[in-house]
Amino acid sequence: MKQSKLLIQTLRETPRDADVVSQQLMMRAGMIQKVAAGIYSYLPLAFRSIRKFEEIVREELAKDGCQELLMPAVLPAELWQESGRWKFYGDELLRFCDRKAKAEVAERRKRGETPDERDFYNFCLGPTHEEAVTDIVRKNVRSYKQLPMNLFQVQTKFRDERRPRFGLMRGREFTMKDGYSFHVDDACADRGYWAMFNAYNRIFSRLGVKFRPVEADSGAIGGSFTHEFHVLAGSGEDAILSCDACEYTSNMEKTEAPQLPAGPCGDRIDLKKDHFCTPGVLGQVEQAAGMKDAEHDGMPITQTSKFYLMQAEFQGSPEASKSNPADAGQDKVLLLGVVLRGDHELNPVKVKNLLGATGLELMEIVEAEAFTGAKSGFMGPVPAEGTRFSELRSQVRMLVDRSLEGAVNLTCGANRTDYHHFGLDPKRDLPGCTFADLRMAAEEDLCTRCGKGRYQAFRGIEVGQVFKLGTKYSKSMSCTFLDELGKEHPMVMGCYGIGITRTVAAAVEQNYDADGIIWPWPISPYQVHVVCLDPGSAEVAGVANQVEKDLEDAGFEVLHDDREGLSPGAKFKDADLLGFPLRLTVGAKGLKEGMVELRDRRTKAVVKLRPEAAVAEVSVARDRIMQELETAGGR
RNA sequence: CGGGGCGUGGCGCAGCCUGGUAGCGCAUCUGCUUUGGGAGCAGAGGGUCGGAGGUUCGAAUCCUCUCGCCCCGACCA
């Protein structure tokens, strides 16, 4: 391919609204262009990378007998109503109505009514396709003999993100491989799950990036399990903790936190109210230092506690509504108090999962101050007399991190501004409280799985997820099969996603330097960049063309920079920016000695060679680069 | 959705406060000279200053509204 004919416009300056490296470099390299917030065109170079990654995905899935199909991007509301997600999926689901529904709205307006058009939305752009695929399978699969079955598609998805950002990594429109499996029972679904888990490991290994499969939070769907696949990159949105001794790797949202004892507290004492006068306190550290009395000149932070007032929201029939059946089905709010050791951080996901809540929010600070009667910094789990907290104490569900189970003599906010209690014994002083793992695990915490290693922290970009769905959709949508006895059962399902465009961006996010992108060989738009420095010279151009042809004949993908009138520096800068793994420079200077130069983009190492040796040398370089990828991939 | 910022040729920006014929760099086109890490000179094309309304003799500039985009936060199978 001649670069002079390629649709590409490199930019010397970074577009102002590009906020992450991958977006900056891909925009500067003329690979992507923004069309609207979170919506991009993939220009020819980027599209080549995307298609290459898709092919890797297809090849690996084919090995597991997965079948590719394509479902519509536009889906009818009825399907989503059937699963119940039409109501539960938020505004990320882009909904709209077709001409029929619009005509209906117009008709009603004519009749003097004032219909809300939103009530007439009857289609959406699919952000995921559980309903659509379940509909297909229930219509076409009846017998256990047809199972298991694994169907997937590579498709443009749309999620109307509140705040699209990070270029291709959190866009609204993106390409995703979404796969769904159907099984006769749990054991079969588990086998399907692990088959996909292994396939994903193969896929990301072939991609040539550093990645980790991590245990993730499976959200509100109980009993299911899930792994996310993360490309490791400093700019990643997710925090990952990985044990340095065993295989345990998990999203920090989920990582089990070891139970750490509170500080050496001595013999149990009574709760001494308003014991410490601690005015003008800022954080926990200052607070601990400021706790002084006759015996203490400050407290160890491990003996302090912190307290959060929260509101948990439930949809449908949560535990909170069980006592009052009249409330079942109604959205419900539960008041929550959470107690942690002073130096620990709250993990809201754990709290949510513990309660089965659909939402969790910190109480507004003003509201909390009115509720407890104390300023921020002095609130605690033991209510002060005469406050609303005191009145409603029995309705506040009290949760205590398990590190404080058995702890005594803790300090806590006194619910009186500028004062702290001393001598808190959660078990004694917080009747009805529940002990559980509620805190965020941290780097260097002892691994809960092997008890030997310590957690190491990484940043990751989530590019894939395997998820055991269970029967959520098959039950709500009656996707059933008949077993050997002719008995009907709902199919057990799994779903498996890979963000194609996000993965390509993540690969860039992990592989670049000050000069530009460094593409991993398997998804580089082209493999070899032949840079002709003197296209005006018939001799030099002739050699460059010959080298291009030789390499292409040998099966390499070549972009030939034959552009005239550019200085060598400009061409080199462009080549570095585009970042193909190998650059082959053909110039008058080198040809005087009969030589061209092969340069490795990543190492910048240069070898001189005769033009006739190009194919051989490029092959050697390719083998070396692929070798390096294999050792770099995975752990 | 809350807080903040920005909308001026394809890209990056100045001009706005203090109203008076829209500018710079990059890119593009032409010519000449250059050619191993973003060349030089000369010339050329390209902008309803996000949109609407208002104030004014006159608005990129002042006022009001609106749309879009970006950042921080919240949210995220």
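So that the names make sense, note that chain A is the first sequence line, chain B the second, and so on, each numbered from 1. Predicted model, so just to flag it, every value in this text is computed and none were measured.
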Taking NZ, NE, NH1 and NH2 as the nitrogens, is one of them in A/Arg170 or A/Glu161 under 4.0 Å from a carboxylate oxygen of the other?
-> yes

Which nucleotide, in any strand shown, forms a Watson-Crick or G-U wobble pair with B/C16, with both distances under 3.5 Å?
-> none

With respect to the side chain of A/Glu13, which nucleotide from B/C11, B/G36, B/A27 is positioned closest?
-> B/C11

So does A/Lys589 pair up with A/Asp534, basic N to acidic O under 4.0 Å?
-> no

Give the rounded distance in Å between these two atoms: CG of A/Asp19 and C1' of B/G73.
-> 15 Å

Hey, are A/Asp19 and A/Arg165 close enough for a salt bridge, meaning a charged N less than 4.0 Å from a carboxylate O?
-> no

With C1' as the reference atom in both, quote the distance from B/U66 to B/G20 in angstrom, rounded to an integer.
-> 28 Å

Spacing of the P atoms in B/C49 and B/A22 (rounded, Å) = 10 Å

Whole-Å distance between B/C71 P and A/Gln23 CD?
-> 8 Å

Salt-bridge criterion met for A/Lys2 and A/Asp561 (N-O under 4.0 Å) | no

Look at the side chain of A/Gln465 and decide which nucleotide, out of B/G36, B/A77, B/C75, has an atom nearest to it.
-> B/A77

What is the pairing partner of B/C41, taking Watson-Crick or G-U wobble pairs with both distances under 3.5 Å in any strand?
-> B/G31

Sorted by position of nearest nucleotide on RNA chain B, 5' first, the leading residue of A/Arg172 and A/Asp576 is A/Asp576

Below 4.0 angstrom, N of the basic side chain to O of the carboxylate: do A/Glu597 and A/Lys604 qualify?
-> no

Between B/G36, B/G38, B/A74, which nucleotide has the shortest distance from any of its atoms to the side chain of A/Ser567?
-> B/G38

Does A/Arg170 make a side-chain donor-acceptor contact with the base of B/C76, cut-off 3.5 Å?
-> yes

CG of A/Asn353 versus C1' of B/C76: gap in Å, rounded?
-> 14 Å

Between B/C41 and B/G4, how far is it from one C1' atom to the other, in whole Å?
-> 46 Å

Between B/U56 and B/C72, how far apart are the P atoms? Round to whole Å, please.
-> 43 Å

Salt-bridge contact A/Asp515-A/Arg601 (side-chain N to carboxylate O under 4.0 Å) | no

Does a nitrogen or oxygen in the side chain of A/Lys34 sit under 4.0 Å from OP1 or OP2 of B/C70?
-> yes

For A/Leu578 and B/G38, what is the distance between atoms CG and C1' respectively, to the nearest whole Å?
-> 13 Å

With the side chain of A/Arg12 defined as its heavy atoms from C-beta on, choose the nearest nucleotide among B/C72, B/C26, B/G37.
-> B/C26

Which whole number of Å gives the distance between the C1' atom of B/U55 and that of B/A59?
-> 10 Å

Provide, to the nearest angstrom, the distance between the CZ atom belonging to A/Arg163 and the C1' atom belonging to B/G73.
-> 8 Å

Which listed nucleotide (B/C76, B/G37, B/A27) is nearest to the side chain of A/Gln9?
-> B/A27

If you find the nucleotide of RNA chain B closest to A/Arg85 and the one closest to A/Arg583, which residue's nucleotide is nearer the 5' end?
-> A/Arg583

Atom pair distance, as rounded to whole Å: CD in A/Glu361 and P in B/C1 = 16 Å

Quick one: A/Leu11 CG to B/C11 C1', roughly how many Å, whole number?
-> 5 Å

Whole-Å C1' distance, B/G47 and B/G23 = 11 Å

Round to the nearest Å and state the distance from A/Arg28 atom CZ to B/C11 atom C1'.
-> 11 Å

Of the listed B/A74, B/G37, B/G12, the closest approach to the A/Arg165 side chain comes from B/A74

